[in-house]
Amino acid sequence: MKCLPRNHVRLAKGNTLHDSHAEVLVLRAFNRLLLEECRRLLEAPMESQNTIVQWRRAPNTPGSSTDGPPFTIRHGTRIIMYSSEAPCGDASMELIIEKQGDPTPWMQTAAETSESSAQDPALFGRGYFSQLGVVRRKPARPDAPETFSKSCSDKLAMKQCSSVLSSITSPFIYPGSAYIHTLVIPESQYRPEACSRAFGPDGRLRPIVGDGVFLEDGYSFSPYSVQTTSHEFEWSRRSIPTDYRPSACNTALIATATSHEVIVGGTLQGRKQFNPRGASKVSRRSMWTLAATVARLLHNPMIDEAMAGPTYANLKSSELLLGRRELLDVVKSKALSGWIPNDGDEDFSLQEK
Ligand SMILES: [Zn+2]
């Protein structure tokens, strides 16, 4: 399983990843890399010429604690994301429909309508594919336990509004510098109507275009362009012999310029799931630990206060993240309705594991 079932989320205590889809892991790894670069800039400023991150203003400028994040992504840097498959959820619904014996989208029956709306607002995985442009939960086998992790299409759509920065990284780095410029997928995976509906300004995100909530803190609605490549990943289903029957792999590799980890079930390979010693470098706990270190080096009272917790829930509800929270709420209410929270893993602290 690549996502924690809903009833296991409370066991994670920041140690276990909720969602191990590749798109999610790479975004978490990128946030880790950026935060590590912030630490490098603070610890050894003269040796950090090759960082993606740079100071936004001179270090220790008086009054800097109220001027927003002290770092930015280097001017002129473009963030380009490659995925060897169309992101699961809305951007891949046409591909799923084409695989059916009859490729005509299903007409929804009255029974389906009442069942899907009674079930809960976020549709489950690949089901109800007559409905397009909606928030979906992660696809899984029908007999798999329920998960509340949203599809990669939905999470990537949200990143066009919130930037690639996570809530832990956003106090440090200017969000205006951190939007994905281009998403690249194989030609075979690209359906223009699906991508413009899932991500484009004329698709499901149209209601938030020009919304005033984006006017502050460097946030904007920044739709990326979706480009294609004729190259296929050598281990994709489309590259292997047709008589070979592949099955999904639950092992993931997270590799950055500074480290790599193998993840199984949201935990480091070889460790028990939910064990603190199995916490990935990109887990909530590890990211918060690093962020707290960076905050101490910064001597920025507002960031220090937010990172002090004492619980992860306190951090997420801190005043420093208020603008970001409001923005996410507007996007969920106007454009990505049905975005149900996957909560239950917020009441842990760094002191108690
Ligand atoms: Zn996915």
Side-chain angles (χ1 to χ4, degrees), residues 1-6 8-9 12 16-31 79-99 122-129 131-142 144-162 164 166 180 182-186 188-191 194-195 197-199 203-205 224 226 228-229 232-233 235-238 246-255 262-267 280 282-283 336 338-342:
M1 277 184 300
K2 291 186 178 176
C3 294
L4 275 189
R6 179 186 174 190
H8 286 174
V9 167
T16 312
L17 302 171
H18 301 175
D19 182 342
S20 297
H21 279 220
E23 295 91 329
V24 173
L25 294 183
V26 78
L27 287 169
R28 297 188 76 87
F30 188 55
N31 272 270
I79 302 172
I80 297 175
M81 180 170 176
Y82 164 76
S83 175
S84 60
E85 302 288 326
C88 62
D90 200 41
S92 58
M93 293 312 292
E94 274 77 355
L95 294 167
I96 291 172
I97 291 168
E98 287 165 18
K99 282 186 193 158
L123 297 177
F124 190 79
R126 302 184 183 95
Y128 307 106
F129 55 62
Q131 293 193 11
L132 300 174
V134 296
V135 172
R136 291 173 177 274
R137 284 181 274 144
K138 282 288 195 311
R141 284 173 26 173
E146 188 177 52
T147 175
F148 271 11
S149 289
K150 265 66 66 184
S151 76
C152 292
S153 290
D154 299 322
K155 289 185 175 178
L156 287 171
M158 185 63 95
K159 293 294 177 195
Q160 297 185 125
C161 306
S162 66
V164 298
S166 66
I180 296 172
T182 305
L183 174 67
V184 180
I185 59 175
S188 63
Q189 292 288 287
Y190 179 59
R191 295 296 176 272
C195 286
R197 179 184 65 238
F199 306 126
R204 58 185 181 158
L205 295 163
Y224 38 73
V226 182
T228 60
T229 172
E232 292 279 2
F233 176 52
W235 294 105
S236 89
R237 288 170 190 272
R238 297 173 298 284
S247 58
C249 174
N250 68 349
T251 307
L253 172 68
I254 305 176
V262 178
I263 303 292
V264 180
T267 302
S280 157
V282 302
S283 66
L336 297 176
W339 185 291
I340 44 172
N342 189 21

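FYI, the numbering just counts along the sequence from 1. In each ligand, atom 1 is the first atom listed, and ligand 1 is the first ligand listed.
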Item to complete: Could you pull out the N/O/S protein atoms under 2.8 Å of the Zn ion (ligand 1), ignoring any water?
Response: H21 ND1, C88 SG, C152 SG
Worksheet entry | Positive for side-chain contact (heavy atoms from CB on, under 4.5 Å) with V135, one of D154, I340, D90 | D154
Worksheet item: Which of these, I185, V184, V26, L183, sits in a side-chain contact (heavy atoms from CB on, under 4.5 Å) with Y82?
Response: V184
Worksheet item: Quick one: do K159 and E23 make a salt bridge, cutoff under 4.0 Å?
Response: no
Worksheet item: Any ion pair linking E85 and R238 (charged N to carboxylate O, less than 4.0 Å)?
Response: yes
Practice prompt. Find out whether H18 and K138 are in side-chain contact, i.e. whether some heavy atom of one side chain is under 4.5 Å from a heavy atom of the other.
Written response: no
Item to complete: Indicate yes or no: at least one non-hydrogen side-chain atom of R28 is less than 4.5 angstrom from one of S166.
Response: no
